[in-house]
Amino acid sequence: MGLRFDTRESDSRWIDTVWTCTSEQVAEMTSVATACWGLVFHERDGQAYAGITGPETKTGTAPVPEDASFVGIEFAVGTSLRPVPPSLLVDGGVELEADRGAFRLDGVQWATPSPDDAEALVERLVRAGVLIRDPLVAHIRLGHCPEVTARTVERRFRAATGLAQGAVRQIERARAAARLLAGGLPVAGVVSRLEYFDEPHLARALRRYVGRTARQLRAGAGGAIGLDLNHPSTS
């Protein structure tokens, strides 16, 4: 029992992943740092809920509604909501007004998406100007070197994400490490593959960003965790 995830990639440049989750006999979970913000929808006892989740810079413990079904959209780094500055979402979030089948964002009512409707909702938000993205950040994420100063790059990156580039890299690397360890890759292999300095360096990153030790991840121990460890890492 715990959290049961199903995560898929998206062909939308605005979306990182789309996920569903059900909670069974679990009251809390270990939250995991993430560089992405998201929209999350769930129902419990016939009541609908919706919210914006922000990037998380560290691990923690979060309550979980029992016997709830969730649908989540994690947005690509560099994508942001025009009405809500990214800096206001870091280590936080916003509850949205919701009713069965609909939620309210930027003063407009939108249909609550199913997992298969996520891309259609995002396209509508883009057309309405609610979702925006910084093309400079998108180019950086693809490995391009823009013809602007490093200070300009960092300023634009922070404005678009609420985070420094270094923080995003560390968070993404720790999440990738957790998935690789859960998949059975030895600690030494994870250190080498993800270019950690040594095993203690990896251990510190896991403790700070994932809330698990390498041994716990390999054994599937430690209780419910807010990360789909079965979703393949792209790192």
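Since the model is a prediction, treat every value here as computed from it, not as a measurement.
The heavy-atom pair separating V210 from A178 by the smallest distance is CG1-CB, 4.0 Å. Shown here for V18 and A118, the closest heavy-atom pair between the two residues is CG2-CB, 3.7 Å. The shortest heavy-atom contact between A102 and T112 is N-OG1, 3.1 Å. T61 and S31 make their closest contact through N-OG, 4.0 Å (heavy atoms, listed as atom of the first residue, atom of the second, distance). The two atoms that bring L185 and R218 nearest to each other are O-NH1, 3.0 Å, heavy atoms only. W19 and I73 get closest at one heavy-atom pair: NE1-N, 4.2 Å.
Using the six-membered ring where Trp is involved, Y196 and H201 have ring planes that are perpendicular, over 60° apart on the 30 and 60° scheme.
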>> Between R158 and L163, is the side-chain contact (heavy atoms from CB on, under 4.5 Å) condition met? List the steps.
In response: CA-CA 5 Å; R158 282 182 177 272; L163 302 172; over 6 Å; no
> Yes or no on side-chain contact (heavy atoms from CB on, under 4.5 Å) for R141 and V168, after CA distance, side-chain angles and deciding distance?
Replying inline: CA-CA 11 Å; R141 298 284 291 173; V168 170; 3.4 Å; yes
>> One pair to check against side-chain contact (heavy atoms from CB on, under 4.5 Å): T20 and F70. What are the steps and the verdict?
In response: CA-CA 5 Å; T20 60; F70 299 83; over 6 Å; no
> Given the rule in the side-chain contact (heavy atoms from CB on, under 4.5 Å) test, do F103 and F41 qualify, once you have shown the distances and angles that lead to the verdict?
Replying inline: CA-CA 9 Å; F103 70 102; F41 311 91; 3.5 Å; yes
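Rounding to the nearest 0.5 Å gives a distance of 12.5 Å between CG of L89 and SG of C36. Within the model, atoms CG of L206 and CD of E199 stand 11.0 Å from one another, a figure rounded to the nearest 0.5 Å. The structure places NE2 of H139 at 11.0 Å from CZ of R156, a figure rounded to the nearest 0.5 Å. Residue D228 holds its CG atom at 10.5 Å from CD1 of I225, rounded to the nearest 0.5 Å. Rounded to the nearest 0.5 angstrom, R44 CZ and S23 OG are separated by 7.5 Å. Within the model, atoms CG of L3 and CD of Q25 stand 12.5 Å from one another, a figure rounded to the nearest 0.5 Å.
Residue I140 is found in a hydrophobic cluster whose other members, listed by chain and number, are L136, V148, V153; membership requires side-chain heavy atoms under 4.5 Å apart, directly or through intermediates.
At a cut-off of 3.5 Å, with distance as the only test, no side-chain donor of T59 or R208 sits close to an acceptor on the other residue.
With sequence neighbours left out, the salt bridge (Lys or Arg N to Asp or Glu O under 4.0 Å) criterion links R100 to E43. Looking at residues two or more places apart in sequence or on another chain, you find a side chain to side chain contact (heavy atoms under 4.5 Å, CB included) between S10 and R8, S12, I15, E119.
Proximity of L105 to L125: side-chain heavy atoms (C-beta onward) are separated by under 4.5 Å at one or more points. In this structure, the side chains of Q109 and E97 stay at 4.5 Å or more apart for every pair of heavy atoms. Residues L229 and L181 fail the side-chain proximity criterion, which asks for heavy atoms closer than 4.5 Å. Side-chain contact between V126 and W14 is present, with at least one heavy-atom pair separated by less than 4.5 Å. The side-chain heavy atoms of S80 and F75, taken from C-beta on, include no pair separated by under 4.5 Å. In this structure, E9 and H231 have side chains that are in contact, with non-hydrogen atoms separated by less than 4.5 Å. Within the 4.5 Å cutoff, the side chain of V90 has no heavy atoms near those of the T161 side chain. In this structure, the side chains of L39 and I52 come closer than 4.5 Å at one or more pairs of heavy atoms.
Judged purely by atom type and a 3.5 angstrom limit, R212 uses its side chain to pair as donor or acceptor with the backbone of A221. Here the side chain of R133 pairs no donor or acceptor atom with the backbone of A160 at under 3.5 angstrom. Remark: the backbone N or O of T22 is not paired with any side-chain donor or acceptor of S69 at under 3.5 angstrom. Side chain of T149 to main chain of T152: a donor-acceptor pair is present (N/O by atom type, distance under 3.5 Å, no hydrogens or angles). Put simply, the side chain of W37 gets close to the backbone of T79: a donor and an acceptor are under 3.5 Å apart.
Residues V187 and Y209 share a hydrophobic cluster, clusters being chains of Ile/Leu/Val/Met/Phe/Trp/Tyr side chains in contact below 4.5 Å. Under a hydrophobic-cluster definition in which Ile, Leu, Val, Met, Phe, Trp and Tyr are linked whenever side-chain heavy atoms come within less than 4.5 Å, directly or via other members, V71 and L96 are assigned to different clusters. Hydrophobic clustering (ILVMFWY, side-chain heavy atoms < 4.5 Å, transitive): W110 and V84 are in one cluster. Cluster annotation: I132 is not connected to V94 through the hydrophobic network of ILVMFWY side chains, with a link wherever side-chain heavy atoms come within less than 4.5 Å. Cluster membership check: L194 shares its hydrophobic cluster with V191, using side-chain heavy-atom separations under 4.5 Å among Ile, Leu, Val, Met, Phe, Trp and Tyr.
Counting non-hydrogen atoms of other residues, nucleotides and ligands closer than 6.0 Å to CD of E154 gives a total above 12.
Between R82 and D106, at least one side-chain nitrogen of the basic residue sits less than 4.0 Å from a carboxylate oxygen of the acidic one, meeting the salt-bridge criterion.
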